[in-house]
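First up is the structure itself, then whatever we jot down about it.
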Amino acid sequence: KQEVTQIPAALSVPEGENLVLNCSFTDSAIYNLQWFRQDPGKGLTSLLLIQSSQREQTSGRLNASLDKSSGRSTLYIAASQPGDSATYLCAVRRVDSSYKLIFGSGTRLLVRP
Amino acid sequence: DGGITQSPKYLFRKEGQNVTLSCEQNLNHDAMYWYRQDPGQGLRLIYYSQIVNDFQKGDIAEGYSVSREKKESFPLTVTSAQKNPTAFYLCASQEASGPYEQYFGPGTRLTVT
């Protein structure tokens, strides 16, 4: 059974700091992995999708890496800003069930001015 | 603009009443999903539909029902049999072909008293 874990559950950093959010999964037979952002009381916004054959994906100040063999993905945020404050969720899609995403419980990020 | 709409944003009901949450998409996606989110937890899959007139139970389908009569619409009914219906409900849709990226609506917060 695939399980997805995100540690820490909450993180507080000063503005301008570079930071890394972690996501681990128990079964390496994944099709891809998606990182989302969720603002309080809102839906999820897709940030990056990284295919199992890829090592990383970049969008602006965000960089997601994937190490399938160790069951880990990281989301790197450069030069953090208060507007980056949100909950970040990762989700994996298994090879044998492309229809289904399995979510971690998220990391709640606060960037202090 | 293409996207997913959910209505209403907030919904209040008395215990014992059925309630229907609306989800509409104009992304021309075949697959649609309903998730439930509780505080501090990841998303749990309630029901999904990969094609019109067909749907499957997710991980927590008890006390819920759905229909998929049109490609654009996937309403969720929360019945009186659902023991803890108060939650944040998210609708999503997904591309029919790889990489199967999922897109989310803004959510409906249901409070049952």
Side-chain angles (χ1 to χ4, degrees), chain A residues 1-11 21-26 30-54 57 59 64 66 86-109, chain B residues 2-11 21 23 25 27 29-51 54-61 87-111:
Chain A
K1 181 188 172 188
Q2 178 71 274
E3 292 182 0
V4 181
T5 304
Q6 293 185 249
I7 295 173
L11 184 62
L21 305 180
N22 297 298
C23 172
S24 61
F25 47 94
T26 53
I30 66 168
Y31 183 81
N32 58 32
L33 182 148
Q34 219 172 327
W35 279 96
F36 295 90
R37 168 187 172 133
Q38 185 177 30
D39 294 290
K42 307 287 187 186
L44 276 64
T45 300
S46 181
L47 296 174
L48 289 163
L49 184 149
I50 183 163
Q51 295 284 69
S52 62
S53 57
Q54 297 176 310
Q57 275 281 21
S59 176
L66 176 65
T87 296
Y88 291 81
L89 296 107
C90 70
V92 302
R93 183 174 282 101
R94 285 167 41 175
V95 168
D96 59 350
S97 56
S98 60
Y99 63 88
K100 189 174 178 178
L101 278 176
I102 301 165
F103 283 84
S105 54
T107 294
R108 190 171 66 252
L109 173 67
Chain B
I4 302 173
T5 57
Q6 291 185 244
S7 60
K9 187 177 172 73
Y10 298 98
L11 192 52
L21 283 60
C23 177
Q25 56 100 0
L27 299 168
H29 287 166
D30 286 309
M32 296 187 74
Y33 302 78
W34 275 105
Y35 294 92
R36 169 184 174 135
Q37 187 177 35
D38 294 284
Q41 295 191 30
L43 278 64
R44 292 183 290 169
L45 182 64
I46 304 172
Y47 266 100
Y48 66 98
S49 168
Q50 294 181 278
I51 198 166
D54 188 42
F55 48 83
Q56 285 79 39
K57 294 181 180 180
D59 301 316
I60 55 164
F88 189 53
Y89 290 88
L90 287 158
C91 178
S93 68
Q94 179 173 292
E95 303 163 334
S97 58
Y100 305 109
E101 190 166 3
Q102 271 194 23
Y103 299 86
F104 282 78
T108 292
R109 183 163 300 282
L110 172 64
T111 302

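Protein chains get the first letters and strands the later ones, always in sequence-line order, with residue 1 at the start of each.
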Inset, instruction - Look at atom CZ of A:Arg108 and say whether more than 12 heavy atoms of other residues, nucleotides or ligands are closer to it than 6.0 Å. - result: no

Inset, instruction - Go through the atoms of B:Tyr100 and report whether side chain, backbone, both or neither lie under 4.5 Å from a heavy atom of chain A. - result: both

Inset, instruction - Could you tell me which portion of A:Leu44 (side chain, backbone, both or neither) has an atom closer than 4.5 angstrom to a non-hydrogen atom of chain B? - result: both

Inset, instruction - Assert yes or no for the condition that the ring centre distance of A:Tyr99 to B:Tyr33 is strictly below 6.0 Å. - result: no

Inset, instruction - Return yes if a side-chain donor-acceptor contact under 3.5 Å exists between B:Glu101 and A:Ser46, otherwise no. - result: yes

Inset, instruction - Decide yes or no for B:Leu90 and A:Gln38: does some side-chain heavy atom of the first lie under 4.5 Å from some side-chain heavy atom of the second? - result: yes

Legend entry - Distance (rounded to the nearest 0.5 Å) between A:Ile102 CD1 and B:Leu43 CG: 12.5 Å

Legend entry - Residue pair A:Gln34 / B:Gln102: nearest heavy atoms and the distance that separates them: NE2-O, 3.2 Å

Inset, instruction - Using a 4.5 Å cut-off on heavy atoms from C-beta on, say whether the side chain of B:Gln94 contacts that of A:Arg93. - result: yes

Inset, instruction - Select one option (side chain, backbone, both, neither) describing which atoms of B:Gln37 are under 4.5 Å from chain A's heavy atoms. - result: side chain

Inset, instruction - For the residue pair A:Leu101 and B:Tyr35, establish whether any side-chain heavy-atom pair is separated by less than 4.5 Å. - result: yes

Legend entry - Exam field: side chain B:Arg109 to backbone A:Gly41, donor-acceptor pair closer than 3.5 Å: no

Inset, instruction - Output the option from B:Ala31, B:Pro99, B:Pro106, B:Gly42 having the highest count of non-hydrogen pairs under 4.5 Å with chain A. - result: B:Pro99

